[in-house]
Amino acid sequence: MAFHRRRNHYYNRFRSVLPLISAISGVLLILFGLLSFLAPTPIDTNHPHHETLLYSTNDAVEDTIGEPVLHIPKKGRKDRDIWSSRNAKYYYGCSNASSKFANADAVTRPSRYLLIATSGGLNQQRTGITDAVVAARILNATLVVPKLDQNSFWKDSSDFSEIFDVDWYISSLANDVKIIKSLPRRGGKTWIPHRMRVPRKCSERCYQNRVLPVLLKRHAIQLTKFDYRLANKLDTQLQKLRCRVNYHALKFTDPILQKGEKLVHQMRMKSKHFIALHLRFEPDMLAFSGCYYGGGDRERKELGAIRKRWKTLHANNPDKERRHGKCPLTPKEVGLMLRALGYGSDVHIYVASGEVYGGEETLAPLKELFPNFYTKETLASKEELEPFSSFSSRMAALDFIVCDESDVFVTNNNGNMARILAGRRRYFGHKPTIRPNAKRLYRLFLNQTTISWEAFASKVRTAQRGFMGEPKEVRPGRGEFHENPHTCICEDNKAKAKKNSGPRKYGKGYDALGDDVPSDYQNIDDEPELPDPDDDGYQDGPQEKGQFNETGMDYDGFTNEEPELEEILSD
């Protein structure tokens, strides 16, 4: 009886609170319905050209420039000089030959003629033209003016004399190597040279053992696909010869120089300082890189179709490529990086690029961050560009000049033009050259919506240490020589000693980025994203990890050992 009374008691109490539970449940259901109604509509992530796309592992779309997530200040940093390096004045380019470096007349042997056929676009070919002089010196041979690649994807028909001042090239190197414009006739007939190819990373001994015996027998040989066919590590005097060729003997023709200098003048008239951005974001390049930019099925389908052009190109893991820093930054990400480094919205920016995947929609975030946005097409009329517009190498040469003369050069990739200009700007005064530390920036872009702008900018500046074109930021011998010509850069010890003996204005540890990290920081930990092109790594061909080569405005002749592959992706 007692048990039944207790059960009835609890049952009666439950019946009394049941209306209250029902009321609470109803209120919760109503609130849930209101929240569902007021929540923003999900964004379609299948649009391949959406301007807000950032790196993502789950196809999610991150914040937009216009949303009040990152409150980006319009003005740049005023607490430091963002247009030059404080330490650059203590270093200078030095490539003069030693008195022990014999004159060309004394070492050149008769009946030894070396010809080369370059490969790729403008700057990829530039490496071959430079290294050919050194190869001729090693072989004690007469060099015939190099033949440019006219069979690449863009089929530029320009010859050497239409791009470079051939007479200056020959005369300025007269003491180093004997150079002639064409192979002499043999017995009154055209002399057909023996064709052969040397391996990549071919050292001085390699040329003496592999090439010289053939040259002694045939007397005239042509080395084909001649790009990056010379080792990075050579005798000091040969390295300095490399620099004399690249930085002094190779001069563009007067029409190209005059037009390029006019473009530079137009940028200078607009602003005291300007940034030049070499932007590689073409569909072919993105397809070849194997990277993914959050465009959903449409992007995968479009880039996948292009990717099929390379039959031996295996599938990449996009997330892995991104984590390893092997994917070029988007235009928006480049803009965020520059704003974080202290460049305000009033800065004028010159953009050298080919066809951008997604067109104006992809460029819109960058233009919003930097409204003063120019290209050679906006600075010059169609009529002014007509002598150049049908020739990709000449158009690339115009971009090269503007990028070289800019106060700050920025790139979103590590292709040929980026490397060549990085080395050149080091040689001529260490002008600021910003290469993204893509491996570390990737993580910041993923988390940018969860931190303040001040914290984001501070982390970007820290990530970019060692990637700003400062003296000694890359260890000697690291990377490819055309990017890091350490043998040809000397230090003014007297001036540096005088500086060190004076009062410390900024205190120990100060450097141009303005944070408490030593100024001699080197990019050692993040250096794997700058592989040596001689290593047959991902930049040398699709048989590896599928990275891209490049040189200027567009892409042509891809560097590869497999002749059946379509040469499309350089420069």
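One is the number of the first residue; the rest follow in order along the sequence.
For the atom pair Asn413 CG and Arg435 CZ, the distance stands at 11.0 Å (nearest 0.5 Å). Between Lys326 atom NZ and Asn414 atom CG the span is 12.0 Å, to the nearest 0.5 Å. For the atom pair CZ of Phe428 and CD of Glu405, the computed distance is 10.0 Å after rounding to the nearest 0.5 Å. Between atom CG of residue Leu257 and atom CD1 of residue Ile401 there is a gap of 5.0 Å, rounded to the nearest 0.5 Å. Between the CG atom of Asn123 and the CZ atom of Arg424 there is a distance of 10.5 Å, given to the nearest 0.5 Å. To the nearest 0.5 angstrom, Arg425 atom CZ is 5.0 Å from Lys431 atom NZ.
Although no hydrogens or angles enter the test, the distance criterion places no donor-acceptor pair under 3.5 Å between the side chain of Ser458 and the main chain of Glu454. A donor-acceptor contact shorter than 3.5 Å is absent between the side chain of Glu480 and the backbone of Asn232. A donor-acceptor pair under 3.5 Å is formed between the side chain of Thr378 and the backbone N or O of Thr375. Judged by distance alone, with hydrogens and angles left aside, the side-chain atoms of Arg426 form a donor-acceptor pair with the main-chain N or O of Glu483 at under 3.5 Å. A donor-acceptor distance shorter than 3.5 angstrom exists from the side chain of Asn317 to the backbone of Asp319, with no hydrogens or angles considered. When atom types are taken as modelled, the side chain of Glu333 and the backbone of Thr330 share a donor-acceptor pair closer than 3.5 angstrom. For Asn246 (side chain) and Thr130 (main-chain N/O), no donor-acceptor pair under 3.5 Å exists by modelled atom type. Formation of a donor-acceptor pair under 3.5 Å by the Arg339 side chain with backbone atoms of Pro73 is found in this model.
Atom NZ of Lys251 has more than 12 heavy atoms from other residues, nucleotides or ligands within 6.0 Å.
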Determine whether Glu386 and Lys382 satisfy the following criterion, salt bridge (Lys or Arg N to Asp or Glu O under 4.0 Å), listing intermediate values before the conclusion. CA-CA 6 Å; Glu386 188 174 358; Lys382 188 176 181 180; over 6 Å; no
Show, in sequence, the C-alpha distance, side-chain angles and deciding distance for Leu369 and Val334, and conclude whether the side-chain contact (heavy atoms from CB on, under 4.5 Å) test is met. CA-CA 10 Å; Leu369 288 165; Val334 174; over 6 Å; no
Under the side-chain contact (heavy atoms from CB on, under 4.5 Å) rule, what do Ile349 and Asn372 come out as? Steps first, then yes or no, please. CA-CA 6 Å; Ile349 183 169; Asn372 298 307; 5.8 Å; no
Carefully, step by step, assess Asp156 and Gln125 under the rule side-chain contact (heavy atoms from CB on, under 4.5 Å). CA-CA 12 Å; Asp156 190 321; Gln125 293 186 85; over 6 Å; no
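Partners of His265 according to the ring pair (Phe, Tyr, Trp, His ring centres under 6.0 Å) rule, which considers only residues two or more places apart in sequence or in another chain, do not exist here. Every residue two or more places apart in sequence or in another chain that forms a ring pair (Phe, Tyr, Trp, His ring centres under 6.0 Å) with Phe456 is listed here: Trp453. Every residue meeting the side-chain contact (heavy atoms from CB on, under 4.5 Å) condition with Ala397, not counting sequence neighbours, appears here in chain and number order: Leu122, Phe252, Ile256. Here Cys243 pairs with Cys488 under the disulfide bond (SG atoms under 2.5 Å apart) rule; sequence neighbours left out. Residues passing the ring pair (Phe, Tyr, Trp, His ring centres under 6.0 Å) test with His482, sequence neighbours excluded: none.
Within the structure, the ring pair (Phe, Tyr, Trp, His ring centres under 6.0 Å) test picks out the following pairs touching residues 327-351 (sequence neighbours left out): Trp83-Tyr343, His348-Tyr374.
The heavy-atom pair separating Ile82 from Gly342 by the smallest distance is CD1-O, 3.5 Å. Listed here is the closest heavy atom pair of Pro328 and Tyr293: O-OH, 2.7 Å. The heavy-atom pair separating Thr411 from Ala418 by the smallest distance is OG1-CB, 3.6 Å. Residues His430 and Gly469 come closest through the heavy atom pair CD2-O, 3.6 Å. Annotation for Asp492 and Tyr92: closest pair N-CE2, 4.1 Å, computed over non-hydrogen atoms. Taking every heavy atom of both residues into account, Glu355 and Pro283 meet most closely at O-CD, 3.5 Å.
Residues Leu341 and Arg461 are in side-chain contact: their nearest non-hydrogen atoms beyond the backbone lie under 4.5 Å apart. Within the 4.5 Å cutoff, the side chain of Asp284 has heavy atoms near those of the Arg309 side chain. No side-chain heavy atom of Leu338 sits under 4.5 Å from any side-chain heavy atom of Val347. Side-chain atoms of Thr433 and Leu421, non-hydrogen and from C-beta on, never get closer than 4.5 Å to each other. For the pair Lys459/Asn447, no side-chain contact is recorded, criterion being any heavy-atom separation below 4.5 Å from C-beta on. In this structure the side chain of Asp407 reaches within 4.5 angstrom of the side chain of Arg268, judged on heavy atoms. Residues Met417 and Cys403 are in side-chain contact: their nearest non-hydrogen atoms beyond the backbone lie under 4.5 Å apart. Using a 4.5 Å heavy-atom cutoff, the side chains of Asp399 and Leu263 are not in contact.
Salt-bridge check for Lys472 with Glu470: failed, with every basic side-chain N at 4.0 Å or more from each acidic carboxylate O.
A side-chain contact (heavy atoms from CB on, under 4.5 Å) with Arg126 holds for exactly one of Asp227, Leu250, Ile163; it is Leu250.
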